[in-house]
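Numbering of residues begins at 1 and proceeds along the displayed sequence.
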Amino acid sequence: MARASDEDRKRIEEYQRELGKYPKPSVTADIVALRPSFNHTDRSNWRKNPEFSIEILFIRRGQWPFENKLVVLGGFLRPYASLEGCAKRELKEETDLDANTLIPIGVFSRPGRDMRAWIISNAFLSIHEHNTVTNVKGGDDAATAKWLRLVAPEVFDGGFSLSFYDEEEKCFTLTGEYTSESIGVKKVSKIDDNILAFDHGEILVQAILHLLSLDTKELAFYFLPEKFTLAEYIDVYLYLLRKKKDEFDIPNFRRLLTAKNCPLVVVSKNANDEEEYEDLEGRGHAKAKLYKRVVR
């Protein structure tokens with residue numbers, strides 16, 4: 001970067017004096033952190049595979065305002081830092097999570113969204129691996145942190161219903177409406193009985209709507225290990241597609257996934273190699289062929 005000349009410095013000082021006349025907002029980065037979950041909903045049936053869902057990290061606030069209310073993770077932008085850097089720092093400092101996948105969601109700037117001051121939020125979605133993080137703890141104004149499962153999300157024409165569970169117990173459901181903006185973007189317009197603090201319910205729903213609008217075949221890989229079975233891939237795919245197994249042609253889909261030159265998945269080892277068949281912890285079937293993503 002070129003060094004500023006004496007004339008440039010004078011103009012910068014003049015500009016900053018003029019800029020000082022205008023009120024300035026504070027800026028935050030809020031993060032909707034996700035990870036895959038495999039839950040045994042029917043332990044009496046050992047043949048049944050664990051139910052796949054997405055877990056979302058919630059923080060329970062420990063201070064005013066909205067003490068004991070749930071929020072998503074977030075923090076204030078430090079001077080001359082980038083928003084992405086702020087999001088990564090908050091994840092690491094408050095939860096010890098590394099932001100491997102960070103997706104911008106949008107800007108939230110409605111007047112009065114925070115009673116404390118004029119604060120503009122930039123929201124991100126962060127995807128993490130299954131069970132790689134334990135003992136997540138909040139910091140600063142956060143009392144506790146908890147992963148809650150998003151079970152069977154419903155998104156229909158102009159509306160949504162998102163239910164969150166702690167183990168088998170339902171904690172809350174967010175219902176409401178959205179509008180379809182240009183280029184396929186969905187924007188939350190209404191939330192019924194929002195229990196989250198600030199406008200974090202809107203941020204959370206907006207992030208989920210964005211997530212579920214992405215390419216499902218591609219997105220599924222972000223919630224799978226490096227090697228996986230077709231059953232695992234299909235479980236994740238149907239969850240993201242919001243389809244039940246009896247509503248989907250699974251046999252034909254399996255044939256498409258294993259077709260020659262398929263760009264999505266490939267057998268991980270030679271079909272005659274017995275090491276290709278491994279027991280997967282928690283799965284309902286004994287030994288299954290493993291696949292992996294083809295990197296082009």
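One distance of note links CG of Leu102 with CG of Leu91; it measures 7.0 Å at 0.5 Å rounding. Considering OG of Ser163 and CG of Leu148, their distance stands at 11.5 Å, rounded to 0.5 Å. Rounding to the nearest 0.5 angstrom, the gap separating the OH atom in Tyr165 from the CD atom in Glu55 is 14.5 Å. Of the inter-residue distances, the one linking Leu34 atom CG with Ser53 atom OG reads 11.0 Å to the nearest 0.5 angstrom. Rounding to the nearest 0.5 angstrom, the gap separating the CD atom in Glu177 from the CG atom in Asp157 is 11.0 Å.
Using a 30° and 60° split on the angle between ring planes, Phe160 and Tyr178 fall in the parallel class, below 30°.
A heavy-atom distance below 4.5 Å is not found between the side chains of Ile191 and Thr175. Side-chain contact between Leu57 and Thr95 is present, with at least one heavy-atom pair separated by less than 4.5 Å. Contact of the Arg89 side chain with the Arg78 side chain is registered, since non-hydrogen atoms from C-beta on lie closer than 4.5 Å. In this structure, the side chains of Thr173 and Ser161 come closer than 4.5 Å at one or more pairs of heavy atoms. Counting heavy atoms from C-beta outward, Leu125 and Leu211 have side chains that approach closer than 4.5 Å. Between Glu232 and Leu224 there is a side-chain heavy-atom pair separated by less than 4.5 Å. The shortest side-chain heavy-atom distance between Ile203 and Phe198 does not fall under the 4.5 Å cut-off.
Val188 and Val185 are members of different hydrophobic clusters when ILVMFWY side chains are connected at heavy-atom separations under 4.5 Å. Linking Ile, Leu, Val, Met, Phe, Trp and Tyr whenever their side-chain heavy atoms come within less than 4.5 Å puts Leu212 and Leu238 in one cluster. Both Val236 and Ile103 are members of a single hydrophobic cluster when ILVMFWY side chains are connected at heavy-atom separations under 4.5 Å. By the criterion of side-chain heavy atoms lying less than 4.5 angstrom apart, applied directly or through intervening Ile, Leu, Val, Met, Phe, Trp or Tyr residues, Leu150 is grouped together with Leu214 in one hydrophobic cluster. No chain of hydrophobic side-chain contacts below 4.5 Å, direct or via other Ile, Leu, Val, Met, Phe, Trp or Tyr residues, connects Leu240 to Val151.
The main-chain N or O of Pro36 is found under 3.5 Å from a side-chain atom of His130 such that the two form a donor-acceptor pair. A donor-acceptor pair under 3.5 Å is formed between the side chain of Asp8 and the backbone N or O of Ser5.
The environment of CZ in Phe156 is crowded: more than 12 heavy-atom neighbours from other residues, nucleotides or ligands sit within 6.0 Å. Around CD of Glu14, the count of heavy atoms belonging to other residues, nucleotides or ligands within 6.0 Å does not exceed 12. Counted within 6.0 Å of NZ on Lys243, heavy atoms from surrounding residues, nucleotides or ligands total 12 or fewer; the atom is thus considered open. Sparse packing is recorded around CZ of Arg11, with 12 or fewer heavy atoms of other residues, nucleotides or ligands lying under 6.0 Å away.
A cation-pi arrangement, defined by a distance under 6.0 Å to the six-membered ring centre and an angle within 45 degrees of its axis, is absent between Arg61 and Phe66.
For the ring-ring contact (aromatic ring centres under 6.0 Å, His included) criterion with Phe38, the lone passing option out of Phe228, Tyr239, Phe52, Phe223 is Phe52.
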message: Using the rule given for salt bridge (charged side-chain N to carboxylate O under 4.0 Å, His left out), can you reason through Lys92 versus Asp96, listing the C-alpha separation, both sets of side-chain angles and the distance that settles it, and then say yes or no?
response: CA-CA 4 Å; Lys92 190 65 178 177; Asp96 202 30; 3.2 Å; yes
- request: Kindly determine whether Glu202 and Arg113 satisfy salt bridge (charged side-chain N to carboxylate O under 4.0 Å, His left out), including the steps that lead there.
  value: CA-CA 11 Å; Glu202 180 182 347; Arg113 60 176 297 272; over 6 Å; no
